[in-house]
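Hydrogens, waters and symmetry mates are skipped; everything else that's a heavy atom, side chains included, is used. From a predicted model like this one, the values you see are computed outputs, not experimental measurements.
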Amino acid sequence: MGGGHNDNLLKDPAIEEWTWMRQNTHRYFKINKRTTPTLIAMGLVVPVALFYTAVYTQDTIKFAPKAMAGTVPVDPTSKEYKEWRVTDLEGSSMTEIHLVLSTVALSFWCWKCKTAAEFHQDPTRFNGRTWYHFVVECAVFLAPMFLAFTGRHLYTIITALVCTGVYYRKQIPDPPRRSDKWAPDPRDDEFMKSYVPGKVTPKSYLSIYRAEMMLLTCFCILAVDFELFPLRFAKVETFGTSIMDLGVGSFVFSAGVVGVKAFLPRHVNGKVVTTSLGHQLKAGLWTAFPILVLGAARFLLTESVDYQKHTSEYGTHWNFFFTLGLLPIFVPLGISAYSNLRVTSAALLVIYQAFYSLTPLGEWLENADRTDLLSANREGVFSFVGYLAIFLLGMSLGHEVLPDAPSFEARRMRLVSVLGTWVTAFISYMLLNFVLGIAPSRRFANAPYCFWVAGFNTAMLWIFMLIEEDVDSKLPPQLSRAGRPAGYNAPLIVEAVNMNSLTTFLVANILTGLVNMQIETLLCGTSKAMVILAAYMMLTLLPALLLYRARLRLR
């Protein structure tokens with residue numbers, strides 16, 4: 001039994017050929033009579049069924065009419081009117097929300113196809129860092145978001161993005177056919193040779209996804225103050241869905257996806273090094289301190305200038321900076337509780353939702369008077385549990401997509417893994433919302449809201465990965481992982497925003513306050529509002545671009 005063995009087994013060539021084809025189906029996939037039914041089912045029937053389900057079930061949830069409809073403040077420039085305007089909002093349907101946000105993925109597809117087409121035309125002279133490219137980036141990433149999120153020409157924008165993407169996609173040449181179809185793909189060898197254990201190289205789909213979530217948030221926090229912005233996209237009062245509700249959760253989820261990098265094992269001198277809990281807590285406190293200071297400063301400034309404030313959004317004294325500041329402190333505790341972050345976050349949401357639905361906590365959260373510090377800020381305090389779960393869910397996804405893949409097969413398998421995560425989050429939301437009858441609530445970050453945020457962002461990231469896999473499959477072998485010219489992987493705007501994301505968010509908040517103090521936004525017409533919003537986005541990006549050019553990273 002311990003001796004050597006001679007492989008005298010006779011192999012059937014037909015079986016060996018069938019096995020090889022089964023393991024490499026993705027290389028030679030073709031549309032024919034056998035595969036067409038599957039493509040129609042997955043590409044048409046399933047999406048249409050989900051669309052019908054979303055439309056049909058959306059109308060089953062009814063919301064109360066605007067409670068203050070009979071007490072409308074007279075002066076549209078007063079603080080009372082501005083606060084009344086965003087009170088008791090009902091939101092919009094998920095179908096409309098997802099349709100509007102589909103422009104984000106289409107923008108990435110257009111930019112990716114255009115960049116790849118230009119690179120393939122003349123790789124030696126490719127340059128993605130000229131003023132021309134900057135204007136194209138603004139037109140591709142900012143203009144569609146600007147128009148779609150103001151409820152204007154949505155279907156025209158989607159049609160234009162699809163046609164543009166198809167036009168450039170056809171200009172990308174196919175890689176040369178290999179004479180021996182059974183030979184290994186030459187890209188596999190080049191890809192595996194460049195693999196370094198523990199190394200995390202930038203990934204364009206992840207960089208652009210994160211920057212798009214940041215730009216979406218920055219745009220909406222000022223746009224909501226104009227009549228140009230549809231109020232159905234603004235944050236709902238208690239239960240419901242809207243673009244801004246999804247944007248807040250997506251901001252936290254995307255931060256979790258990239259935030260897991262600090263907790264990944266590192267390879268040092270051939271050894272795997274992990275960070276201790278004590279060091280993680282110390283780093284978390286160091287990270288949290290400046291954000292909490294910003295939160296306190298924002299509260300003092302808004303109180304000193306009597307700035308309008310929607311109390312039921314986060315509470316009387318709480319704001320989003322406090323939520324962001326506390327996350328780095330509690331995240332290490334969540335990681336140390338159990339190694340599987342999905343289990344930890346799911347358990348956290350189940351316990352939180354059980355207390356909310358089965359105890360008097362839910363009634364107290366929704367209707368209690370603001371008599372003390374806790375009751376005055378109950379939205380911010382208790383919604384933090386949900387945002388912590390969202391951040392942990394983002395980290396669990398980042399743990400899968402952030403490290404470099406050792407081979408092309410492992411890279412493709414990530415698509416299957418992320419798709420499975422998306423389906424799990426979607427089913428969890430469906431069970432909670434349509435079976436148990438629990439409506440999503442951004443105000444308290446309950447379980448349906450968190451699973452909706454996780455499902456949407458996972459689906460968006462999966463689409464981004466699929467787009468990059470499709471376009472990059474036509475790259476030469478030596479450029480499959482690294483060695484690409486500047487401007488091919490990620491546009492300038494994206495790199496600048498990601499390099500100083502917190503700074504960009506802070507600048508957006510400061511500019512939002514300044515605009516509201518200097519301009520009566522509700523009295524601005526459509527043209528004036530568009531000019532102000534365009535200037536605001538350019539000024540928001542300016543510090544990030546200057547810091548990127550100086551190679552300075554603040555936060």
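- A 4.5 Å side-chain heavy-atom check between Leu216 and Leu101 finds at least one atom pair inside the cut-off.
- In this structure a side-chain-to-backbone donor-acceptor pair under 3.5 Å is missing from Thr103 to Met145.
- For the pair Phe134 and Leu545, the minimum side-chain heavy-atom distance is below 4.5 Å.
- Rounded to the nearest 0.5 angstrom, Leu541 CG and Cys138 SG are separated by 7.0 Å.
- The one candidate from Ile467, Leu161, Thr164 that meets the side-chain contact (heavy atoms from CB on, under 4.5 Å) condition with Leu106 is Leu161.
- Using modelled atom types, one side-chain atom of Tyr449 and one backbone atom of Asp245 make a donor-acceptor pair closer than 3.5 Å.
- Counting heavy atoms from C-beta on, the side chains of Tyr387 and Phe391 never come closer than 4.5 Å.
- No side-chain donor-acceptor contact under 3.5 Å links Asn446 and Ser441.
- The shortest non-hydrogen separation linking Leu89 to Leu231 is CD1-O, 3.7 Å.
- Here the closest non-hydrogen pair linking Leu461 and Leu397 is CD2-CD2, 3.6 Å.
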Q) Run the side-chain contact (heavy atoms from CB on, under 4.5 Å) check on Val236 and Glu90 step by step: do they pass? A) CA-CA 5 Å; Val236 301; Glu90 301 177 358; 5.8 Å; no
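- Checked by atom type and distance alone, the side chain of Tyr167 never pairs as donor or acceptor with a backbone atom of Lys114 at under 3.5 Å.
- The heavy-atom pair separating Pro448 from Tyr429 by the smallest distance is O-CD1, 3.2 Å.
- Salt bridge absent: Asp470 and Lys112 never bring a charged side-chain N and a carboxylate O closer than 4.0 Å.
- Applying the ring-ring contact (aromatic ring centres under 6.0 Å, His included) test between Phe146 and each of Phe219, Phe229, Tyr536 identifies Phe219 as the sole match.
- Residues Asn433 and Ile438 have side chains not in contact (no heavy-atom distance under 4.5 Å, counting atoms from C-beta outward).
- Donor-acceptor pairing under 3.5 Å is recorded for the side chains of Arg443 and Thr238.
- The distance from the CG atom of Leu215 to the OG atom of Ser501 is 11.0 Å, given to the nearest 0.5 Å.
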Q. Given the rule in the side-chain contact (heavy atoms from CB on, under 4.5 Å) test, do Ile97 and Phe456 qualify, once you have shown the distances and angles that lead to the verdict?
A. CA-CA 10 Å; Ile97 294 170; Phe456 168 80; over 6 Å; no
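- At a threshold of 4.5 Å between non-hydrogen side-chain atoms, the residues Phe233 and Ser92 count as touching.
- No side-chain heavy atom of Met213 sits less than 4.5 Å from a side-chain heavy atom of Phe253.
- The shortest heavy-atom contact between Trp422 and Gly455 is CD1-O, 3.4 Å.
- Test Thr512, Asn516, Thr521 against Asp225 for side chain to side chain donor-acceptor pair (under 3.5 Å) and you get one pass: Asn516.
- Considering Leu552, Leu547, Val497 in turn, Leu547 is the only one that fulfils the side-chain contact (heavy atoms from CB on, under 4.5 Å) rule with Thr503.
- In this structure, Thr504 OG1 and Asn509 CG are separated by 11.5 Å, a value rounded to the nearest 0.5 Å.
- Taking each heavy atom of Thr150 and Leu147 in turn, the nearest pair found is OG1-O, 2.9 Å.
- Under the side-chain contact (heavy atoms from CB on, under 4.5 Å) rule, Met395 has a single partner from Val331, Ile390, Val257, Leu402, which is Val331.
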Q. Where do Glu237 and Arg442 land on the salt bridge (charged side-chain N to carboxylate O under 4.0 Å, His left out) test, with the steps shown first?
A. CA-CA 9 Å; Glu237 183 67 22; Arg442 184 269 324 153; over 6 Å; no
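- Using cut-offs of 30° and 60° on the angle between ring planes, the pair Trp111 and Phe141 is tilted.
- Gln121 and Gln171 share a side-chain donor-acceptor pair at under 3.5 Å.
- For the atom pair Leu294 CG and Leu324 CG, the distance stands at 10.0 Å (nearest 0.5 Å).
- To the nearest 0.5 Å, the span separating OH on Tyr314 from CG on Asn319 amounts to 8.5 Å.
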Q: Report the C-alpha separation of Phe119 and Thr115 in whole Å, then their side-chain angles, then the decisive distance to 0.1 Å, and conclude whether the side-chain contact (heavy atoms from CB on, under 4.5 Å) test is met.
A: CA-CA 6 Å; Phe119 173 76; Thr115 305; 5.5 Å; no
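- Counting only distance, with no hydrogens or angles, the side chain of Asn500 and the backbone of Ala544 share no donor-acceptor pair below 3.5 Å.
- Using bins of under 30°, 30° to 60° and over 60° for the plane-to-plane angle, the ring pair Phe251/Phe320 lands in the perpendicular bin.
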Q) Between Thr424 and Arg342, does a side-chain hydrogen bond (donor to acceptor under 3.5 Å, both in side chains) hold up when you go through it step by step? A) CA-CA 11 Å; Thr424 303; Arg342 286 195 181 95; over 6 Å; no
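- Here Glu212 contributes atom CD and Arg210 contributes atom CZ; the two are 13.5 Å apart, rounded to the nearest 0.5 Å.
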Q: Determine, step by step, whether Phe505 and Phe321 satisfy the ring pair (Phe, Tyr, Trp, His ring centres under 6.0 Å) criterion, reporting the C-alpha distance in whole Å, the side-chain angles of both residues, the deciding distance to 0.1 Å, and the verdict.
A: CA-CA 10 Å; Phe505 185 60; Phe321 282 103; 5.5 Å; yes
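- For the pair Phe226/Ile532, a side-chain contact is recorded, criterion being any heavy-atom separation below 4.5 Å from C-beta on.
- Inter-residue side-chain proximity for Ser93 and Arg232 is flagged as unmet; no heavy-atom pair is nearer than 4.5 Å.
- Across all their heavy atoms, Leu522 and Glu227 have their closest contact at O-CG, 3.6 Å.
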Q: Run the numbers on Leu327 and Leu388 for side-chain contact (heavy atoms from CB on, under 4.5 Å), then give the verdict.
A: CA-CA 6 Å; Leu327 284 174; Leu388 177 60; 4.1 Å; yes
Q: Show your reasoning for whether salt bridge (charged side-chain N to carboxylate O under 4.0 Å, His left out) applies to Arg414 and Glu400.
A: CA-CA 7 Å; Arg414 284 183 175 179; Glu400 295 182 4; over 6 Å; no
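- Ring geometry for Phe464 against Tyr209 counts as perpendicular: the plane angle is over 60°, on a 0 to 90° scale with 30° as the lower cut.
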